[in-house]
Engineer: 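Here it is: the structure, laid out below.
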Amino acid sequence: TNTFNGTGISQAEYKMQAVVYEMNKKGAELAKKAAAEVTKAEPHKPRFVAGAVGPTSRTLSVSPSVEDPSFRNVTWDELVESYVEQIGGLVDG
């Protein structure tokens with residue numbers, strides 16, 4: 001689907017977080033269309049689409065601050081929300 005880094009967290013760096021759902025939905029739609037066209041030409045070899053989920057530009061496993069190893073610049077809930085939005089677009093596409 002070419003939706004690598006298609007999360008709101010990653011797209012916020014480009015001020016594109018408002019289009020995350022649409023971007024993922026369209027990526028899945030385009031990939032499904034391409035797979036269907038190729039499968040139609042070779043029906044004995046069906047094609048499938050796999051959505052690329054994540055990553056984000058932030059992590060919970062390592063602190064971005066050398067001075068404060070316990071610091072995290074993202075929460076678990078923010079990551080979950082970001083992935084839910086991305087996967088929603090992929091599934092709907």
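These numbers come from a predicted model, not from an experiment.
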Engineer: Report the residues that fulfil side chain to side chain donor-acceptor pair (under 3.5 Å) with T39, sequence neighbours left out, ordered by chain and then residue number.
Structural biologist: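 With sequence neighbours excluded, T39 shows a side chain to side chain donor-acceptor pair (under 3.5 Å) to no residue whatsoever.
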Engineer: Taking only residues two or more places apart in sequence, or in another chain, which ones meet E78 in a side chain to side chain donor-acceptor pair (under 3.5 Å)?
Structural biologist: T75
Engineer: Identify, with sequence neighbours excluded, every residue that meets side-chain contact (heavy atoms from CB on, under 4.5 Å) alongside V80.
Structural biologist: W76, V84
Engineer: Which residues satisfy the side chain to side chain donor-acceptor pair (under 3.5 Å) test with S82, sequence neighbours excluded?
Structural biologist: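 Side chain to side chain donor-acceptor pair (under 3.5 Å) list for S82, sorted by chain: empty.
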Engineer: With rounding to the nearest 0.5 Å, note down the distance linking CG in L79 to OG1 in T59.
Structural biologist: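 The OG1 atom of T59 is 8.0 Å from CG of L79, to the nearest 0.5 Å.
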Engineer: Taking salt bridge (Lys or Arg N to Asp or Glu O under 4.0 Å) as the definition, give me every residue that meets it alongside K26, ordered by chain and number, with sequence neighbours left out.
Structural biologist: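 Testing K26 for salt bridge (Lys or Arg N to Asp or Glu O under 4.0 Å), a comparison that skips the adjacent residues, returns E29.
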Engineer: Looking at residues at least two apart in the chain, or sitting in another chain, which of them share a side-chain contact (heavy atoms from CB on, under 4.5 Å) with V19?
Structural biologist: M16, E22
Engineer: If you link I, L, V, M, F, W and Y whenever their side-chain heavy atoms are under 4.5 Å apart, who else ends up in the same group as V38?
Structural biologist: none
Engineer: What donor-acceptor contacts under 3.5 angstrom involve side-chain atoms of residues 42-51, with partners at least two apart or in another chain?
Structural biologist:
from, atom 1, to, atom 2, distance (Å)
E42, OE1, R47, NH2, 3.0
R47, NH1, K45, O, 2.5

Engineer: When you group the ILVMFWY residues by side-chain heavy-atom contacts below 4.5 Å and let the links chain together, are L90 and L30 in the same group?
Structural biologist: no
Engineer: For S65, which residues count as a side-chain contact (heavy atoms from CB on, under 4.5 Å) partner, sequence neighbours excluded?
Structural biologist: S63, E67, D68, F71
Engineer: List the residues meeting side chain to side chain donor-acceptor pair (under 3.5 Å) with N5, not counting sequence neighbours, and say none if there are none.
Structural biologist: S10
Engineer: Per the side chain to side chain donor-acceptor pair (under 3.5 Å) rule, what does the pair list look like for residues 83-93, sequence neighbours excluded?
Structural biologist: Y21-D92, N24-Q86
Engineer: Could you see if F4 belongs to whatever hydrophobic cluster contains M23? Use Ile, Leu, Val, Met, Phe, Trp, Tyr and a side-chain cutoff under 4.5 Å.
Structural biologist: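 No, no single cluster joins them.
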Engineer: Would you indicate whether N2, at its atom CG, is surrounded by more than 12 heavy atoms from other residues, nucleotides or ligands within a distance under 6.0 Å?
Structural biologist: no
Engineer: Apply side chain to side chain contact (heavy atoms under 4.5 Å, CB included) to residues V74 and T56 and explain how you reach the verdict.
Structural biologist: CA-CA 10 Å; V74 67; T56 69; 6.0 Å; no
Engineer: Taking salt bridge (Lys or Arg N to Asp or Glu O under 4.0 Å) as the definition, give me every residue that meets it alongside E13, ordered by chain and number, with sequence neighbours left out.
Structural biologist: none
